[in-house]
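Here is the structure we will look at, set down as structure tokens.
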Amino acid sequence: MKEPLKGLKVLDLSTLLPGPYATMMLADLGAEVLRVESASRHDLVRNMKPLIDGQSAAFSYLNRGKQSLALNLKHPEAVGLISQLVAEYDILIEQFRPGVMARLGLDYYTLKQVNPRLIYCSITGYGQTGPYRDKAGHDLNYLALSGAASHMGRKASGPAPMGLQVADVAAGSHPAVISVLAAVIGRQSSGEGCYLDISMADNTLALQALMIPAALNGAPDPQPESNFLNGGGVYDYYRTADDRYLSVGSLEPQFRQRLARALNIQENPPLEDRQLKTLLQQKFAKQDLETWCEELADQDICVEPVLTVSEAAEHPQFVARHMIVTQPSGERQVDSALGFEQQPIQPAPRCGEQGAQIMERLGYSQTEIDKLRDAGLFD
């Protein structure tokens, strides 16, 4: 099964990361995705360094396999054009602040009159309701407000920014895709679409599956380095002699015992976590990362090196899994990790690249397209 979502058609009215990552996953699975974007206010990701053939590597990754229609949504003709598209593209994903699509005349309740089967997904920081609905925010803010940041980092220094956008992707993109596909299945029996309100803050709250249930039921709030998963025990990162790091995930007794044996640490009677952790810190600091990797390579103890991104791309595990692919242009990308057999990756579109083709398919003549262009519809 190469393209399980072939036949689904998605309008993507999002920018930056959460929405484009969600629609990238849908496109990777065979959905036809049409980006509706502004030609005068480019997605900031387009200009991130490095640029490859005029577009950023990040943009090329997030928007591979999609088409692009440049459209000024404030233009009077935009509502009619989107309405025509909604009759054909019956899934819409947008990322504007609450109320913006309604002001444009493109809210769910308006567009579902055009197509009752429309599945309309809004991805926002705080959702469509509540006192924070109109507030701006970023990944860092959602981690903070949801309590997730309060038990990250170290006691001495507090929470630290993460290079991985957990709230944007794990609490935005992924629940959006799950909800959209669930709605597609539901529509098969009901014949009706629905509105989906995806809040990244809500989903970040929900992600704390091993921490928040206890705190909600009388246990103390988790703090940095306060439990076995956030640095309070052996499960942690350890500095090596060359200022690199090893990850130690030896939680279960069998892994812990093998780890102690591999490092010639006497654990009879069993050491307290803090005692064993101190010994591990001392041991790992005596040799460089490469030496430790060689010595521990054949040990089944849940210990792995902290690699750079470039090193990870060359690691034998990811090479064997064909996770890095090279385009004919020479550009390298991470392949889809969704488990289905993949088709060759198609490049990301230029802004408005398929505009004329889309308009012609909707029945517009070249003369009409030229007039609308002169009137600023495609700005």
Side-chain angles (χ1 to χ4, degrees), residues 14 16-19 21-22 25 93 95 97-98 121-183 194-238 245 247-253 255-256 272-274 276-277 302 304 306 337-338:
S14 66
L16 299 175
L17 180 58
Y21 194 102
M25 288 192 287
I93 296 178
Q95 200 178 303
R97 290 203 208 185
C121 178
S122 296
I123 306 174
T124 58
Y126 302 107
Q128 301 295 310
T129 59
Y132 266 44
R133 69 185 295 272
D134 295 321
K135 290 197 72 169
H138 281 294
D139 188 275
L140 192 78
N141 306 123
Y142 314 138
L143 292 172
L145 197 69
S146 67
S150 72
H151 49 90
M152 295 177 178
R154 301 294 181 187
K155 288 180 181 177
S157 57
M162 299 177 65
L164 176 65
Q165 287 67 51
V166 173
D168 283 355
V169 176
S173 311
H174 284 272
V177 169
I178 292 167
S179 298
V180 163
L181 296 183
C194 65
Y195 179 75
L196 302 170
D197 174 10
I198 302 297
S199 159
M200 288 179 272
D202 286 358
N203 279 282
T204 306
L205 194 71
L207 280 175
Q208 300 169 78
L210 298 181
M211 301 295 181
I212 202 168
L216 291 176
N217 291 282
D221 282 327
Q223 302 294 322
E225 299 178 285
S226 66
N227 65 71
F228 69 100
L229 287 176
N230 73 351
V234 171
Y235 188 92
D236 208 337
Y237 299 107
Y238 294 82
Y245 287 86
S247 66
V248 174
S250 311
L251 287 175
E252 294 85 348
F255 297 132
R256 180 185 173 112
E272 295 290 335
D273 261 14
R274 293 190 181 281
L276 179 55
K277 187 168 186 175
C302 302
E304 297 296 342
V306 175
L338 297 176

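Values reported hereafter were calculated over all heavy atoms of this structure, with side chains retained and with hydrogens, waters and symmetry mates removed.
Rounding to the nearest 0.5 angstrom, the gap separating the NZ atom in K155 from the OG atom in S226 is 7.5 Å. Rounding to the nearest 0.5 Å places OG of S179 at 10.0 Å from CD1 of I93. Distance OH/Y237 to OH/Y245: 11.5 Å, rounded to 0.5 Å. We find the CG-CG distance between L251 and D273 to be 9.0 Å, quoted to the nearest 0.5 Å. The structure places OH of Y126 at 9.0 Å from CE of M200, a figure rounded to the nearest 0.5 Å. Distance check: N227 CG to Y235 OH gives 10.5 Å after rounding to the nearest 0.5 Å.
Residues meeting the side chain to side chain donor-acceptor pair (under 3.5 Å) test with H151, sequence neighbours left out: Q208. Partners of Q223 under the side chain to side chain donor-acceptor pair (under 3.5 Å) rule, at least two apart in sequence or in another chain, do not exist in this structure. The side chain to side chain donor-acceptor pair (under 3.5 Å) test applied to S173 returns no partner, not counting sequence neighbours. Checked against side chain to side chain donor-acceptor pair (under 3.5 Å), R97 has no partners two or more places apart in sequence or in another chain.
Screening residues 163-172 for side-chain hydrogen bond (donor to acceptor under 3.5 Å, both in side chains) gives no qualifying pairs among residues at least two apart or on separate chains. Annotation: side-chain hydrogen bond (donor to acceptor under 3.5 Å, both in side chains) contacts involving residues 129-150, sequence neighbours excluded, are absent.
Here the closest non-hydrogen pair linking I123 and P18 is CG2-CB, 4.1 Å. What you find for A170 and L207 is that their closest heavy atoms are CB-CD1, 4.0 Å. Scanning both residues, D197 and G127, for their nearest heavy atoms gives OD1-CA, 3.5 Å. Of all the heavy atoms in C194 and A183, the pair that sits closest is SG-CB, 3.6 Å. Contact detail for I198 and A171: the closest heavy-atom pair is CG2-O, 4.3 Å. What you find for V234 and R256 is that their closest heavy atoms are CG2-NH1, 3.9 Å.
Proximity of M162 to M152: side-chain heavy atoms (C-beta onward) are separated by under 4.5 Å at one or more points. Side-chain contact between M211 and L229 is present, with heavy atoms from C-beta onward closer than 4.5 Å. Side chains of P224 and R154 form no contact here, defined as non-hydrogen atoms less than 4.5 Å apart. Annotation: side chain of C302 is not in contact with side chain of V248 (no heavy-atom distance under 4.5 Å). By the 4.5 Å heavy-atom criterion applied to side chains, V166 and T204 are not counted as neighbours.
For E272, the CD atom sits in a loose shell: 12 or fewer heavy atoms of surrounding residues, nucleotides or ligands are nearer than 6.0 Å. Within a 6.0 Å radius of CZ in R274, no more than 12 heavy atoms belonging to other residues, nucleotides or ligands are found.
Between the side chains of S122 and Y195, a donor-acceptor pair is found at a separation under 3.5 Å.
Side chain of Q95 to backbone of G19: a donor-acceptor contact under 3.5 angstrom is found. Remark: side-chain polar atoms of S247 are paired, donor with acceptor, to backbone N or O of E304 under 3.5 angstrom.
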